[in-house]
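The sequence lines fix the lettering, A, B, ..., with proteins before strands; numbering per chain opens at 1. What you are looking at is a predicted structure, and each value in this text was computed from that prediction instead of being measured.
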Amino acid sequence: MIRDARVLRAGFVPREVEHRDAEVNHLSSVLEPITNGEPADTAIVTGPSGAGKTCISQFVTERLREEVLDVEATYVNCWRNYTRFRTLYQILDDLGATIDIHRQSTPHDELVDRLQQHDGPRTVVILDEVDQLEDPSVIYDLHSLPQFAIICIANKEEELFSRVDDRLVSRLRSSEHVRMDKYHDEQLYDILSARAKWGLDEDVIIDDQLYRIADAAAGDARLAIGILRTAAGKADRENHERITDDILLDAAEDARAQIKQKSLDSLTPHQRVVYDVVREHGPVGPSEIHERYSEDVDDPRTKRTIRTYLSKMEQYNLLEAEGTSRDREYSLVDSAAASPMQ
DNA sequence: TTTCCACCGGAACTTTAGGTAA
DNA sequence: TTACCTAAAGTTCCGGTGGAAA
């Protein structure tokens, strides 16, 4: 049933990108100077989740590396590498320059120095989910190094700009912006159809089912491909010749649950207790959350720390807050209710 | 309209934990 | 072993905001 599982994986970069010609050309033109050995401008790629931001950034970078011999590329997910240290470390690690760097005893400045001294080929640095950085000054660090071309990927440019200081805002505003919208259902259908063509045997899934996945994913290509992957995997395990409607229904729920579980796995034990309090008692106010949380753990953190946890979980789209002041209440985000499979 | 107070989040400070070097 | 260094996590303090009550 599954002809090529790679095609259905989340991080797969296709040979051809569907419906993003303008954005691909725009980003390619920003990186163009690199082909002549000159420094390139910083690019900012913005758009909603699943709009193909990471995909086109990697696609353009890959294509550049095919054209030019002396170009390196490195990818950093700033959600997982959210501190300045981890981001810089990840880049140095990709360049093979971290042998004698240690997490606790190497100062930040030494990592920047190390990057400055990097005398290898010009390097494209893709900073994905850059709005998740705790300390965005790392963008400034990289911006000042001409041998690195930076692609900053974020959901909303306002959120990115609101978190950086003035000197960086003025620099980023003069950067090239590539703005991307959600995919339409027809476009999502084309993407799914191409993935199904290369990844699955013939007649495993019918057009109507692909349209329903596109509809349920509501413009999010990552979710759409996730549903297709989950459905194909389940049908394969259960020895079906084709994907049935029941399998598709389950896959839509599973794909959403997997995305949520990924966020839950990144929580610390204390954060998890806070999440569970909201899950069991929400909608619930901050005072009650702290009260119940304090009953459930041996060494409770302060209210201020809990506020930081809550705000982090809001960013992860695990919780949502209503009200602005004394009427503030937190509850779980019900992602499944957003766009159920028909 | 004023006052009270829960809540938010920035800034500065402290504690913790892991690593180095003598 | 110990003194010292650093990043990360947590705490304290405090000004701003906005809903509720006087």
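The distance between atom CZ of A:R301 and atom P of B:dT15, rounded to the nearest whole Å, is 15 Å. One interatomic measurement links the two molecules: CG of A:L111 to C1' of C:dA8, which rounds to 15 Å at whole-angstrom precision.
Remark: side-chain polar atoms of A:R328 are paired, donor with acceptor, to backbone N or O of A:G323 under 3.5 angstrom. Between the side chain of A:Q90 and the main chain of A:T87, no donor-acceptor pair closer than 3.5 Å is present.
Using a 4.0 Å heavy-atom criterion, one finds that A:R304 contacts the bases of the nucleic acid, with or without backbone contacts as well. Contact annotation for A:R328: backbone-only contact, meaning every heavy-atom pair under 4.0 Å involves sugar-phosphate atoms and none involves a base.
Here A:I126 is tied into one hydrophobic group with A:V13, A:V17, A:V24, A:L27, A:L31, A:I34, A:V45, A:I56, A:F59, A:V60, A:L64, A:V68, A:V71, A:Y75, A:V124, A:I151, A:I153, A:V178, A:M180, each link being a pair of ILVMFWY side chains closer than 4.5 Å.
Donor-acceptor pairing under 3.5 Å is lacking for the side chains of A:Q258 and A:D254. Under 3.5 Å, the side chains of A:T54 and A:S57 contain no donor-acceptor pair of N or O atoms.
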Check step by step if salt bridge (charged side-chain N to carboxylate O under 4.0 Å, His left out) holds for A:E72 and A:R65. CA-CA 7 Å; A:E72 287 293 334; A:R65 293 186 69 199; 3.8 Å; yes
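Listed by chain and residue number, nothing satisfies the ring pair (Phe, Tyr, Trp, His ring centres under 6.0 Å) test with A:H143 (two or more places apart in sequence, or in another chain).
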Is there any protein nitrogen or oxygen under 3.5 Å from a nitrogen or oxygen in nucleotides 17-19 of chain C, and what are the pairs?
| residue | atom | partner | partner atom | Å |
| --- | --- | --- | --- | --- |
| C:dG18 | N2 | A:S325 | OG | 3.4 |
| C:dG18 | N3 | A:S325 | OG | 3.1 |
| C:dG19 | N2 | A:R326 | NH1 | 2.5 |

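Rounded to 10°, the helix from B:dT1-C:dA22 to B:dA22-C:dT1 has 10° between the axis fitted to its first five pairs and the one fitted to its last five.
Residue A:S287 has its side chain nearest to B:dC7 when only C:dA7, B:dC7, C:dG10 are considered.
Annotation: proximity of residues 264-280 of chain A to DNA chain C (heavy atom, distance under 4.0 Å) is found for no residue.
Using a 4.0 Å cut-off between charged side-chain N and carboxylate O, A:D265 and A:K262 make no salt bridge.
Using a 30° and 60° split on the angle between ring planes, A:H290 and A:Y293 fall in the tilted class, from 30° to 60°.
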Listed pairs under 3.5 Å, donor-acceptor, residues 223-236 of chain A side chains, sequence neighbours left out:
| residue | atom | partner | partner atom | Å |
| --- | --- | --- | --- | --- |
| A:R229 | NH1 | A:L8 | O | 2.8 |
| A:T230 | OG1 | A:G226 | O | 2.7 |
| A:K234 | NZ | A:D250 | OD2 | 2.9 |

